[in-house]
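Take a look at the structure set out below.
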Amino acid sequence: MEDVEKSLNFIEHIIEDDLKNGYSNDELRFRFPPEPNGYLHIGHASSICLNFGLGLRYGAPVNLRFDDTNPAKEEKEYVDAIKRDVDWLGYNWKSERYASDYFQQLYDWAEELIVKGKAYVDSQTSEEIAEQKGTPTEPGTESPYRHRSVEENLTLFRGMKNGDFKEGEHVLRAKIDMESSNMLMRDPVMYRILHKPHHRTNTDWCIYPMYDWTHGESDYIEQVSHSLCTLEFLPHRELYNWFLDQLVSEDKLRPKQREFARRNLSHTVVSKRKLLRLVEENVVTGWDDPRMPTISGMRRKGYTPESIRNFAETIGIAKRENVVDVSLLDFHVRDHLNKIAPRVMAVLNPLKVVITNYPEDGEEWLDAENNPEDQSSGFRKVPFSRELYIEQEDFREQANRKFFRLKLGGEVRLKNGYIIKAESCTKDEDGNVIEVQCSYDTKSKSGSGTEESLRKVKGTLHWVSIKHAIQAEVRLYDRLFVDATPDAHKDQDFMEFVNPDSLEKVTGFMEPSLKDAKIGDRFQFQRLGYFNVDLDSKPEALVFNRTVTLRDTWAKLEQSC
RNA sequence: UGGCCUAUGGUGUAAUUGGCAACACUACUGGUUUUGGUCCAGUCAUUCUAGGUUCGAGUCCUAGUAGGCCAACCA
């Protein structure tokens, strides 16, 4: 009765089948295996939610494993950033692992393969090896070193390990099938010489295992039951299984690799190379710029972990090409923020309003509801006085009846305050309205219970008392790209689609309750959107980011007005 | 010229494995509302094509078509 039977995705179907056919629930184990060579982005978030979500669903442990087999690209800084991001998303890993933990075991197994005649040292250049690899339509040819003796292979491999050779002099290759229709089975490289210090093993090793020789074996060591990766690894599965065949013992669980389609977000690029260009060419301010699709960027922008998890859950997982519309992410961000974000009033594009029949030095503190979605959030006080700011867009000298805002001779309610009527306005020499003179209905105060206070007027505006307002920098973000698939155009560089107006900085005027806002605090600026306090913010100089606008039916309607 | 994967509304996923194509988002209607927000109700599909099997096909068979992946000492 409680929850409607949720339909399973294809990965869950596989697991359910395995459970029916002999796997026990406590054999289930997953892992999230990033290479620590960059920052995590929304695509990784989807994979994190898949693996950790499965862990939660089946009560199974999930390891965080760093695939750190290439010291040329990897750094501790990224390890730390990745841990912080996964943690922020709200997931707990059972155990923190590193492929580098397994270097010795991997090496020992490699010697075993040599002894069994399943691996050999090749002494050709990488160009020669590539040449012999053939093409997808033509078979490869065998290396002249393919039939070295076990003794010679062992001697050479140990020499490689001991640092007797320069980079590129030798590699260790698996001896499989140079004519396989799967290029990866044509004697793949297992080890290469790299005289580079590793962020964890330092100079202990100068040979490093390749991905294919490392990943499945690491899964095996950790007894991962289902090793999930993206579709481009599908051809690797045959090799994954071949390596496992060489060393799996009967009494241990044999990991399975299964592949799913990576999620693509519209109006976004995620490749490290492209994000780096955005950073280097100063299109954004850094990897955590709120416009970046990195987890750190989304965190800074004010997205909540819950909204990202809900998003990942909603889009699901499958095997076909996809481009998820970014509006779905926006929906989940709004959906969660609507429930948790306190409402406040802030004016970003001020127009002065003078209440001519309000006392010159008058001031009163009105009750304002913090969140109509959350009764427990209570009320706060908001100051009212004779001179206020409203948004410029909220006043027109004249307008048709679809304009539910302030116009000359018309009435409108000030949120939490009084009903006012626009009597006149003054303009500068260019004809721009710079001030509106209004009268207020003295008995119409919100919540006072008077007949006047219950009057219905079409339109409620947010506002702020000028003399009480605090000023703050507000950063208004828009999509970084104007095209849905910026990097899918053959003849155009993705940089051509950068939105020139993705950031606008304004000075906002806010109700004084915001004075003590702390970095990361989230608010709804009523009628405008959700905002949070940026990292750059200081107590005396607050900085807000617009996380996402409110849904705006009026903006669409406006053209027709 | 080879091998492998995929195809369901504008978008992303479902369909008890052969039994009324469902859910969410978007868009559009209307209602409620002291946020043009939220909330509520409604509208939007020849399941890539053509044949076939069947009482019955998104699902099975055959032949096409389209898209993707594979030739790093990257992961």
Side-chain angles (χ1 to χ4, degrees), chain A residues 4-9 13 33-35 37 67-70 72-74 122 125-126 129-131 133-140 167-168 170-173 180-184 186 188-194 208 210-212 214-215 229 231-238 259 261 263 266 311 313-332 334-335 338-339 343 345 369 372-373 402-405 412-417 419 446-447 453-462 484 524-529 549-558:
Chain A
V4 185
E5 193 77 14
K6 197 194 140 261
S7 58
L8 305 181
N9 63 45
H13 279 297
E35 182 189 14
N37 70 339
D67 238 328
D68 56 349
T69 57
N70 186 355
K73 292 180 165 184
E74 297 150 6
D122 197 337
T125 64
S126 61
I129 291 175
E131 188 101 4
K133 204 130 206 179
T135 70
T137 55
E138 302 162 69
E167 289 187 12
H170 305 285
V171 290
L172 184 73
R173 289 227 259 169
S180 171
S181 60
N182 183 348
M183 300 285 295
L184 287 155
R186 322 237 263 226
V189 173
M190 294 171 67
Y191 277 93
R192 78 286 213 187
I193 299 168
L194 245 31
Y208 291 92
M210 301 289 289
Y211 165 84
D212 287 297
T214 307
H215 203 93
C229 58
L231 234 35
E232 67 267 28
F233 288 93
L234 203 155
H236 293 249
R237 185 150 121 195
E238 191 180 0
E259 311 80 14
R263 321 309 315 198
S266 77
F311 170 69
E313 177 69 21
T314 306
I315 61 183
I317 210 75
K319 295 177 80 167
R320 56 172 158 160
E321 298 296 311
N322 61 83
V323 181
V324 183
D325 200 294
V326 72
S327 65
L328 184 58
L329 214 204
D330 289 344
F331 164 80
H332 283 287
R334 289 188 188 110
D335 190 47
N338 176 49
K339 298 187 182 87
R343 273 59 169 170
M345 292 197 288
E369 191 176 22
E373 303 295 315
K402 277 186 174 174
F403 186 78
F404 306 158
R405 305 179 180 196
V412 86
R413 174 169 291 280
L414 293 177
K415 180 80 183 171
N416 307 311
I419 292 172
S446 292
S453 73
L454 299 173
R455 275 172 59 207
K456 300 284 177 203
V457 291
K458 201 68 183 165
T460 301
L461 307 185
H462 63 279
Q524 184 195 93
F525 289 0
Q526 281 183 113
R527 300 210 305 137
L528 295 176
T549 61
L550 254 30
R551 263 185 90 232
D552 192 354
T553 321
W554 165 246
K556 292 161 199 153
L557 235 152
E558 202 178 357

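Throughout, protein chains are lettered first and strands after them, A, B, ... in sequence-line order, and every chain is numbered starting at 1. Source: prediction; values computed, not measured.
Per the geometry, CG belonging to Leu550(A) stands 4 Å off C1' belonging to G37(B), to the nearest Å. Between Leu194(A) atom CG and A75(B) atom P the separation is 9 Å, expressed in whole Å. A straight line from CD of Gln524(A) to P of G37(B) spans 11 Å, rounded to a whole angstrom. Separating the CZ atom of Arg455(A) from the C1' atom of U33(B) is a distance of 18 Å, rounded to the nearest angstrom. Atom C1' of nucleotide C73(B) and atom OH of Tyr191(A) are separated by 14 Å, given to the nearest angstrom. Distance, Lys458(A) NZ to G36(B) C1': 8 Å, rounded to whole Å. Residue Met345(A) contributes atom CE, which lies 15 Å from atom C1' of G37(B) at whole-angstrom precision. Atom-to-atom, CD of Glu74(A) to P of C74(B) comes out at 11 Å; the value is rounded to the nearest Å.
Between the side chains of Arg413(A) and Ser446(A), at least one donor N or O lies within less than 3.5 Å of an accepting N or O. Checked by atom type, the side-chain pair Asn182(A)/Ser180(A) shows no donor-acceptor distance below 3.5 Å.
Listed nucleotides A14(B), C4(B), U34(B) differ in distance to Leu234(A); the shortest reach to its side chain belongs to C4(B). Closest to the Glu373(A) side chain, of the nucleotides G12(B), C73(B), U38(B), is U38(B). Here A14(B) is the nucleotide among U1(B), G12(B), A14(B) with the atom lying nearest to any side-chain atom of Ser7(A). Taking the side chain of His13(A) as heavy atoms from C-beta on, and the options U13(B), G37(B), U17(B), the nearest nucleotide is U17(B). In this structure, of C5(B), U34(B), G12(B), it is C5(B) that holds the atom nearest to the side chain of Lys319(A). Nearest nucleotide to the side chain of Gln526(A), out of U35(B), A75(B), U34(B): U35(B).
Below 30°, between 30° and 60°, or above 60°: for Phe233(A) and Tyr211(A) the angle between ring planes is between 30° and 60°, a tilted geometry.
Contact annotation for Asp330(A): no contact, since no heavy-atom pair falls under 4.0 Å across all strands. Residue Val323(A) is classed as a sugar-phosphate contact, given heavy-atom separations below 4.0 Å to backbone atoms only. Residue contacts for Val171(A): at a heavy-atom cut-off of 4.0 Å it reaches a base atom on one of the strands shown. Residue-level contact check: Ser266(A) touches neither bases nor backbone, having no heavy atom under 4.0 Å from any strand. Residue Gly447(A) is classed as a base contact, given a heavy-atom separation below 4.0 Å to a base. Asn9(A) comes within 4.0 angstrom of the backbone, heavy atoms only, and of no base. If you check every strand for non-hydrogen atoms under 4.0 Å, Arg186(A) touches nothing.
Formation of a donor-acceptor pair under 3.5 Å by the Glu74(A) side chain with backbone atoms of Asn70(A) is found in this model. The backbone N or O of Met210(A) sits nowhere less than 3.5 Å from a side-chain atom of Thr69(A) that would complete a donor-acceptor pair. Without hydrogens or angle criteria, Arg334(A) side chain to Gly529(A) main chain gives no donor-acceptor distance under 3.5 Å.
Taking the side chain as every heavy atom from C-beta outward, Arg527(A) and Trp554(A) never approach each other to under 4.5 Å.
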Please lay out, stage by stage, how Lys73(A) and Glu35(A) fare under the test salt bridge (charged side-chain N to carboxylate O under 4.0 Å, His left out).
-> CA-CA 9 Å; Lys73(A) 292 180 165 184; Glu35(A) 182 189 14; 5.2 Å; no
In sequence, state the C-alpha distance, the side-chain angles, and the governing distance for Thr314(A) and Phe331(A), and then conclude on side chain to side chain contact (heavy atoms under 4.5 Å, CB included).
-> CA-CA 11 Å; Thr314(A) 306; Phe331(A) 164 80; over 6 Å; no
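Atoms CZ and OG1, on Phe525(A) and Thr549(A) in that order, are 14.0 Å from each other to the nearest 0.5 Å. Atom-to-atom distance recorded for Asp330(A):CG and Asp335(A):CG is 12.0 Å, nearest 0.5 angstrom.
Rounded to whole Å, the separation between the C1' atoms of A57(B) and C20(B) comes to 14 Å. For U38(B) and A24(B), the P atoms lie 16 Å apart once the distance is rounded to whole Å. Only the C1' atoms considered, G51(B) is 31 Å distant from C44(B), to the nearest whole Å. Remark: the separation of the C1' atoms in A41(B) and U32(B) is 11 Å, to the nearest Å. Straight-line distance between the P atoms of G68(B) and C25(B): roughly 31 Å, to the nearest whole Å. Comparing C39(B) with U33(B), their C1' atoms are spaced 9 Å from each other, to the whole Å. Taking the C1' atoms as reference points, G12(B) lies 33 Å from A72(B), given to the whole Å. U17(B) and U13(B): their P atoms are spaced 23 Å apart (whole Å).
Annotation for Glu138(A) and Arg186(A): closest pair O-NH2, 2.8 Å, computed over non-hydrogen atoms. Closest of all the heavy-atom pairs between Ser266(A) and Asp325(A) is OG-CA, 3.5 Å. Taking every heavy atom of both residues into account, Pro188(A) and Lys133(A) meet most closely at CA-NZ, 4.4 Å.
Stem regions for RNA chain B, each three or more consecutive Watson-Crick or G-U pairs with both distances under 3.5 Å and listed by first number, read B:2-7 with B:65-70, B:10-13 with B:22-25, B:27-31 with B:39-43, B:48-52 with B:60-64.
For A75(B), neither phosphate oxygen OP1 nor OP2 lies less than 4.0 angstrom from any side-chain nitrogen or oxygen of Thr214(A). The shortest distance between the side-chain N/O atoms of Arg192(A) and the OP1/OP2 oxygens of A75(B) is below 4.0 Å. Proximity of Arg263(A) to the phosphate of U13(B): a side-chain N or O atom is located under 4.0 Å from OP1 or OP2. Contact check, Lys456(A) against U34(B): a side-chain N or O comes under 4.0 Å of OP1 or OP2.
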Identify all pairs in which a protein N or O lies below 3.5 Å from an N or O of nucleotides 21-31 of chain B, and state each distance.
| unit_1 | atom_1 | unit_2 | atom_2 | d |
| --- | --- | --- | --- | --- |
| A27(B) | OP1 | Lys556(A) | NZ | 2.8 |

Could I get a table of every N or O pair under 3.5 Å where one atom is in the protein and the other is in nucleotides 64-72 of chain B?
| unit_1 | atom_1 | unit_2 | atom_2 | d |
| --- | --- | --- | --- | --- |
| G68(B) | O2' | Glu321(A) | OE2 | 3.3 |

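Both Asn70(A) and Arg343(A) sit near RNA chain B, but only Arg343(A) has its closest nucleotide nearer the 5' end.
Scanning atom types as modelled, no donor and acceptor separated by under 3.5 angstrom connect the side chain of Arg527(A) and the base of U35(B). Ser446(A) contributes a side-chain N or O that forms a donor-acceptor pair with the base of U34(B) under 3.5 Å.
In this structure, Tyr211(A) forms no aromatic stack with the base of A75(B), since the conditions of centre separation below 5.5 Å and plane angle below 30° are not both met.
Atom CD of Glu167(A) is surrounded by more than 12 heavy atoms from other residues, nucleotides or ligands within 6.0 Å.
Under the 90° criterion around 0 for the glycosidic angle, U17(B) counts as syn.
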